[in-house]
Amino acid sequence: LIDDYTNKINEARAKVDELIKEVSGEDKLRKKQTTLSNLEGKIEGNISKVEDEIKFYKENNTCPTCEQAIGNAETKINQNEYKLSAYKNGLSELKTEYKKIVDTLTKIRASNKKIQEYNTGISSMNASINEKRKFSDRILKEIDDIKNRKALSEDMMRSEEHTSEL
């Protein structure tokens with residue numbers, strides 16, 4: 001029975017070792033997730049700014065502040081639409097990468113949960129082994145005590161027989 005537990009513990013430890021390899025990059029992924037999240041905010045800010053500029057050039061022929069004619073409005077609109085397209089493409093790629101990271105972190109959380117479950121099982125089996133060993137030791141001690149009492153009793157009987165002969 002103890003050997004069965006020992007084998008199960010060894011199997012569980014091997015599985016834990018495999019799972020630990022799977023979760024080894026968690027910190028790096030979390031840092032990358034934070035970086036991408038910050039970058040997403042910056043890109044969204046840039047998109048908003050470029051959209052405002054496009055809107056401004058489309059709605060205004062003159063500067064509202066200095067009232068001068070706005071030259072090259074069409075060129076500025078085209079340049080900003082190019083920037084807007086680049087930002088949106090970059091944001092789309094970023095979100096795709098971010099989703100991959102989130103999916104991987106979800107798998108890592110599941111692996112961490114499995115590791116915890118295996119470790120709980122290992123602890124439980126080790127406790128069972130220790131209890132069985134204590135029980136076995138107690139039984140062996142009782143057997144030795146019984147043997148000693150029997151031997152002592154036989155010695156006493158021989159001694160009484162020897163004394164009665166005298």
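- L36 CG to T96 OG1: the interatomic distance, rounded to the nearest 0.5 Å, is 11.0 Å.
- To the nearest 0.5 Å, atom CG of residue L19 and atom CD1 of residue I115 are 5.0 Å apart.
- Put simply, Y5 and F135 are part of two different groups of oily side chains (I, L, V, M, F, W, Y) that touch within less than 4.5 Å, one to the next.
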Chi angles and distances behind the salt bridge (Lys or Arg N to Asp or Glu O under 4.0 Å) call for D145, K141: CA-CA 6 Å; D145 288 347; K141 186 178 182 306; 3.5 Å; yes
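- Of the residues listed (D4, I9, N10), the one engaging T6 in a side-chain contact (heavy atoms from CB on, under 4.5 Å) is N10, and it is the only one.
- Both I70 and I77 are members of a single hydrophobic cluster when ILVMFWY side chains are connected at heavy-atom separations under 4.5 Å.
- Among residues at least two apart or in separate chains, there is no side chain to side chain donor-acceptor pair (under 3.5 Å) pair with a member in residues 123-133.
- Going from atom OG1 of T120 over to atom CE of M125 covers 10.5 Å, rounded to the nearest 0.5 Å.
- We find the CG-CD distance between L84 and E81 to be 7.5 Å, quoted to the nearest 0.5 Å.
- Screening residues 18-35 for salt bridge (Lys or Arg N to Asp or Glu O under 4.0 Å), with sequence neighbours left out, gives E26-R30, K32-E97.
- A distance of 12.0 Å separates OH of Y87 from NZ of K42, quoted to the nearest 0.5 Å.
- By the side chain to side chain contact (heavy atoms under 4.5 Å, CB included) test, N7 is found to be paired with no residue, residues two or more places apart in sequence or in another chain being considered.
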For residues 44-64, please give each side-chain donor-acceptor pair under 3.5 Å, one per line with the distance, not counting sequence neighbours.
unit_1 : atom_1 : unit_2 : atom_2 : d
E53    : OE1    : N80    : ND2    : 3.2
N60    : ND2    : F56    : O      : 3.0

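- The side chain to side chain contact (heavy atoms under 4.5 Å, CB included) test applied to S136 returns L140, not counting sequence neighbours.
- In this structure, CG on N72 lies 11.0 Å from CG on N78, to the nearest 0.5 angstrom.
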Going by atom type alone, with no hydrogens or angles, which donor-acceptor pairs under 3.5 Å involve a side-chain atom of residues 101-109 and a protein atom two or more places apart or on another chain?
unit_1 : atom_1 : unit_2 : atom_2 : d
D103   : OD2    : K99    : NZ     : 3.0
T104   : OG1    : K100   : O      : 2.9
T106   : OG1    : V102   : O      : 2.9
T106   : OG1    : R109   : NH2    : 3.4

